[in-house]
Each structure stands twice: as C-alpha cells, then as structure tokens.
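In what follows, every chain begins at residue 1, and chains take the letters A, B, ... in the order their sequences are listed.
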2 protein chains.
Amino acid sequence: MQTQRRRSTSSADKRRDTYHHGDLKRALTDAALALVREKGPKGFSLSEAARRAGVSVAAPYRHFADKAQLLAAVAEQGFIQLHEALSAAGHSVSDPKKRVIELARGYVRWAVAHPDYYQVMFGTETIKAEHPGLLVASARAFDDLLDAITGCQELGMMRGLDAREIAAPMWSLVHGIASLAISGDLHHVGIQEDPEALTTRAVADWLKIG
Amino acid sequence: MQTQRRRSTSSADKRRDTYHHGDLKRALTDAALALVREKGPKGFSLSEAARRAGVSVAAPYRHFADKAQLLAAVAEQGFIQLHEALSAAGHSVSDPKKRVIELARGYVRWAVAHPDYYQVMFGTETIKAEHPGLLVASARAFDDLLDAITGCQELGMMRGLDAREIAAPMWSLVHGIASLAISGDLHHVGIQEDPEALTTRAVADWLKIG
DNA sequence: ACCTGAACACCGTTCAAGT
DNA sequence: ACCTGAACACCGTTCAAGT
C-alpha cells in the first residue's frame with residue numbers, strides 16, 4: 001500500500017507527484033465542485049477540499065488568497081463551460097430566430113445538468129467584482145446571447161432596440177427558470193413542466209413580438 | 001452605565017425584560033436580518049445574532065432547532081411581507097391586465113428594496129422543504145400572481161392555458177430580474193436600465209400575446 | 001420554561017519551519 | 001517554490017447546571 005512515493009521519477013507514479021507540483025489548483029477546484037454536488041454549497045469547506053486533495057489545510061493558500069478566490073475560480077470554470085455549451089447550441093441551427101431559442105434552451109439545459117457549477121456561479125458567496133477573470137468569463141457567455149440577437153436584427157427583426165435591451169429580459173427569464181428549477185421552487189408551487197420545455201414555450205412566444 | 005437591571009418591574013425597564021421573556025425569537029430574526037444587510041448572507045452567524053440580542057450563544061436553541069430553522073423563520077417573514085406588498089400593488093388598479101403589470105413591478109420593487117430578505121428567501125442556505133410554514137407563506141405570495149392571471153382569463157384573455165402555465169414564466173422573469181439586479185450582474189454586463197422599468201417593458205410586451 | 005457556562009468538533013487564516 | 005505543523009480566533013451544537 002505504500003507505493004505512492006516509490007520511484008518518484010518513474011512515469012507510473014508521476015500522477016501523484018504532478019498532483020503536488022502544479023495541479024493542486026485543479027485538484028482543489030475539483031474537490032470543491034464534488035463537495036457542492038454532494039452536500040450543497042454550504043457543505044463546502046476549504047479544509048475538507050484540502051483533505052480530499054491529500055494536502056494540509058494550509059496548502060491551498062499557496063494557490064488562492066482565500067476561500068472566496070477558490071470559489072471564484074470554480075465559477076470561472078463554470079462560465080467557460082457554459083460558454084462552450086452555448087456556442088454548441090447556437091451553431092446547431094442557422095435560422096436566427098431558432099438560434100435564439102436554441103441558446104435559451106441550451107442555457108437552461110446546461111444549468112439544470114450542472115447545478116453544482118450554477119450555484120457557485122450565482123450563489124451569494126461568490127463576489128464577481130473581486131475576481132476579474134470571472135467577470136471576463138461571464139461576459140463571454142453573455143456575448144453568445146447578444147450575438148444571436150444581433151443576428152436577428154440584421155435580418156430586420158427586433159429593430160429599434162439596443163441588443164442589450166432585448167438580451168436583459170431574456171437572460172433574466174432563463175436565469176429565473178434555471179434558478180427556480182434547481183432550488184425546487186417551481187415544484188413547490190405545483191409546476192411540473194420540464195424547465196427546458198417551459199423555456200422553449202416562453203421564448204417562442206416572446207419572439208412573436210419582435 | 002449599569003442601569004440595565006435596575007428596578008426590573010418598573011415600566012421604564014420592561015423593554016429589557018420583555019426581550020428575554022418571549023421576544024427572543026423576534027430579537028434573533030431581527031439581528032439575523034441586520035447582519036445579512038450589513039455583511040451579506042455569509043456574514044450572518046448564530047453566535048453574533050445571539051450576542052446582539054444580549055443572550056448566550058446557547059440561548060437560540062430554546063427557540064430554533066438550528067441555524068437553518070432561524071433562517072427559515074426570517075424567510076417566512078419575508079414572504080409574508082412580499083405577499084402584503086403584492087396585495088397592495090394589485091389592489092391599486094382594477095384593469096386585469098394592468099393589475100398583472102403592477103404585480104410584476106411590485107415584486108421587483110419589493111425585492112430590490114429588501115435585498116437582505118430576498119437573499120435569505122432564495123439563498124442556497126435556506127431549504128424550504130424542512131420548514132412547512134415557509135412553504136405556505138411562499139405559496140400565498142405565488143397565489144397573488146395566480147389570481148391576477150385568472151382575473152385576465154375571466155375576461156377572455158390568455159385562454160387555453162392553465163393559470164400556472166402562464167404564471168411560471170412570469171415568475172421566472174421577475175425572479176430573474178430581481179436576482180440579477182441584487183447580485184449586480186445586470187450592471188456587470190453593461191445593463192444600466194432600472195430593474196422596475198425593465199420589468200414593466202418585458203411584462204407589457206409579454207401581455208400582447210395573450 | 002428559559003437561560004448560562006463550559007465543552008467538543010470543526011473551520012478560516014497565519015506563520016515559522018521544513019524540503 | 002511549495003508544503004507541513006502548530007497556533008489563534010471563531011463558529012455550530014450539546015448538555016449539565018442554574019433561576
């Protein structure tokens with residue numbers, strides 16, 4: 001059982017070494033995510049994350065200024081993944097109106113599939129202002145929506161409004177659906193409809209106006 | 001300075017006594033709310049709340065099973081106040097369509113005016129399922145919206161859909177706007193529009209469909 | 001019935017010391 | 001450069017003891 005530190009230069013054991021030489025950062029964000037998934041956002045602690053990564057409780061402070069910065073790093077990863085999911089959803093159709101609908105669906109689908117990420121990204125323990133990379137990553141995801149809307153405008157739809165003025169209520173809508181679905185509040189008030197179906201219906205109706 | 005316990009039966013000092021004989025519950029929820037307002041949701045601790053109420057750290061456990069139950073009591077108060085705000089907003093107009101708009105505006109206005117309450121009501125540290133009174137109080141607030149929608153349907157609008165199917169996207173929209181406004185995310189992506197104005201615009205457009 | 005004091009396990013953070 | 005060990009202040013929770 002004590003083979004862990006044997007022949008530290010061999011390729012077979014390199015994984016354990018790597019874990020402690022440069023990848024602790026990733027090991028900690030992975031552990032944080034797993035903890036949120038298992039025990040909810042309040043079930044995550046820096047100590048437990050360190051324990052799972054196999055290091056002392058002080059080790060994380062070589063990589064993150066404090067607990068909030070670790071959470072911010074997790075949130076940033078989340079926004080990057082969300083951006084990728086939105087890009088994929090957007091490129092699946094060429095009709096600009098259908099693209100907007102697919103983006104909205106993709107947003108809710110990703111959020112509901114990754115409640116751990118989503119709760120860290122929008123939870124009250126994560127403060128975006130103190131982590132510039134996080135702001136950039138979230139802006140990139142928002143830009144996906146913005147692009148889809150300008151795509152519609154270039155074809156004469158939704159004219160007379162700034163793209164941001166259209167994106168704002170739409171983002172609010174999908175964020176609201178995602179949040180209430182993840183927290184279980186939709187179920188609590190007797191709404192059984194699938195969140196993604198609800199999104200499709202709401203956005204399709206919405207687009208009849210523009 | 002040591003006048004606090006002087007003449008404990010006098011009416012002048014009764015306030016201090018009352019604080020410790022039956023009103024500790026309210027004193028604790030008040031302190032919790034003040035802490036969330038001052039230091040954010042993660043800045044609240046049971047110990048600090050007890051300290052502010054002038055009791056030992058163990059005293060709260062005579063009134064709440066644990067920290068989560070205290071938070072749930074705060075959230076319940078919040079939903080009761082929100083319900084009152086919605087009732088007032090709804091009764092201010094008689095036209096059913098305008099009433100729906102006023103409800104939506106009232107929702108966002110109340111949320112933005114009481115971010116401390118709102119964050120506890122929808123924060124991840126509050127679990128509704130384990131506190132029946134909280135579920136009842138939130139259902140009552142949701143019913144205000146439902147009533148306004150059935151009011152429209154009785155006049156022939158939005159027919160063919162269950163009231164809940166219309167309420168779901170509308171609640172999602174106002175909750176999304178309120179959440180993103182409180183967290184500052186709307187500002188982060190360059191949206192400067194007043195949340196209440198945004199709500200009016202979005203809901204008014206929405207109602208053109210039904 | 002309601003509150004205190006003391007205790008326990010746990011957490012975030014710091015810092016000197018190790019390799 | 002990166003990690004450990006020990007320390008400190010703080011928190012949630014329990015329980016015996018006080019009034």
Side-chain angles (χ1 to χ4, degrees), chain A residues 4-9 13-29 31-32 35-36 38-74 120 123-127 130, chain B residues 4-5 8-9 14-29 31-32 35-36 38-74 120 123-127 130-131:
Chain A
Q4 283 193 333
R5 294 202 177 276
R6 183 171 46 100
R7 283 169 302 134
S8 63
T9 51
D13 286 12
K14 211 149 199 175
R15 239 183 63 263
R16 222 276 174 184
D17 286 353
T18 321
Y19 228 48
H20 287 251
H21 295 161
D23 247 3
L24 217 205
K25 208 163 175 169
R26 166 109 1 196
L28 287 169
T29 53
L35 280 166
V36 173
E38 293 167 25
K39 308 196 273 185
K42 68 147 212 173
F44 156 74
S45 79
L46 209 45
S47 304
E48 180 77 21
R51 217 169 290 134
R52 293 206 180 188
V55 295
S56 78
V57 294
Y61 289 90
R62 289 294 131 184
H63 301 273
F64 302 100
D66 53 22
K67 187 185 174 181
Q69 290 291 317
L70 169 48
L71 249 1
V74 173
V120 174
T124 47
E125 49 278 291
T126 309
I127 11 80
E130 291 169 22
Chain B
Q4 283 193 331
R5 292 198 179 278
S8 62
T9 52
K14 212 149 199 175
R15 238 182 66 262
R16 223 274 175 185
D17 288 351
T18 320
Y19 230 45
H20 286 252
H21 295 161
D23 248 1
L24 217 205
K25 208 162 177 170
R26 166 107 1 195
L28 287 169
T29 54
L35 281 166
V36 173
E38 292 167 27
K39 308 195 272 184
K42 69 147 210 172
F44 156 73
S45 79
L46 210 45
S47 303
E48 180 76 22
R51 216 170 291 134
R52 291 207 180 186
V55 295
S56 78
V57 294
Y61 289 89
R62 289 293 130 186
H63 301 273
F64 301 100
D66 54 22
K67 187 185 174 179
Q69 290 291 317
L70 169 47
L71 249 1
V74 173
V120 174
T124 48
E125 49 278 293
T126 308
I127 11 80
E130 291 170 22
H131 190 112

Original post:
Counting distance only, does the side-chain N/O of Glu125(B) pair as donor-acceptor with the main-chain N or O of Pro41(A) below 3.5 Å?
Top reply: no

Subject >> Whole-Å gap separating P (dG12(C)) and CD (Glu125(A)) >> reply: 12 Å

**OP:** Would you kindly give the CG-to-C1' distance between Leu70(A) and dT13(C), to the nearest whole Å?
**Re:** 14 Å

**OP:** If dC8(D) has a Watson-Crick or G-U wobble mate with both distances under 3.5 Å, name it; if not, just say none.
**Re:** dG12(C)

Original post:
Which base, if any, makes a Watson-Crick or G-U wobble pair with dA17(D), both distances under 3.5 Å?
Top reply: none

Original post:
Quick one: Arg51(A) CZ to dG12(C) C1', roughly how many Å, whole number?
Top reply: 12 Å

Original post:
Looking at Ala68(A) and Ile127(A), what are the two nearest heavy atoms and their distance?
Top reply: CB-CD1, 4.1 Å

Original post:
Looking at dC15(C), dG12(C), dT4(C), which one has an atom nearest to any side-chain atom of Tyr61(A)?
Top reply: dG12(C)

Original post:
Under a 4.5 Å cut-off applied to non-hydrogen side-chain atoms, are Val74(A) and Phe44(A) in contact?
Top reply: no

Original post:
Looking only at side-chain N and O atoms, does Ser47(A) come under 4.0 Å of OP1 or OP2 in dG12(C)?
Top reply: yes

Original post:
Tell me, which of residues 62-69 of chain A have any heavy atom that sits under 4.0 Å from an atom in DNA chain D?
Top reply: Arg62(A), His63(A)

Original post:
Just how far, in rounded Å, is P of dC10(D) from CZ of Phe44(B)?
Top reply: 17 Å

**OP:** Rounded to the nearest angstrom, tell me the gap between atom CG in Asp23(A) and atom C1' in dC3(D).
**Re:** 16 Å

Subject >> From Arg62(B) atom CZ to Leu24(B) atom CG, the distance as rounded to the nearest 0.5 Å >> reply: 12.0 Å

Original post:
How close or far is atom P of dG12(D) from atom CG of Leu28(B), stated in whole angstroms?
Top reply: 12 Å

Original post:
How far apart are the closest heavy atoms of Lys25(B) and Phe64(B), and which atoms are they?
Top reply: CG-CZ, 3.4 Å

Original post:
From Glu38(B) CD over to Glu48(B) CD, what is the distance, rounded to the nearest 0.5 angstrom?
Top reply: 8.5 Å

Original post:
Starting at CD of Glu48(A) and ending at P of dG12(C), how long is that distance when rounded to a whole Å?
Top reply: 10 Å

Original post:
Looking for any heavy atom pair under 4.0 Å, which part of the strands does Ser45(B) touch: base, sugar-phosphate only, or nothing?
Top reply: sugar-phosphate

Subject >> Heavy-atom closest contact (Ala31(B) atom, Ala49(B) atom, distance) >> reply: CB-O, 3.9 Å

**OP:** May I have the distance from Lys42(A) (atom NZ) to dC11(C) (atom C1'), rounded to whole angstrom?
**Re:** 14 Å

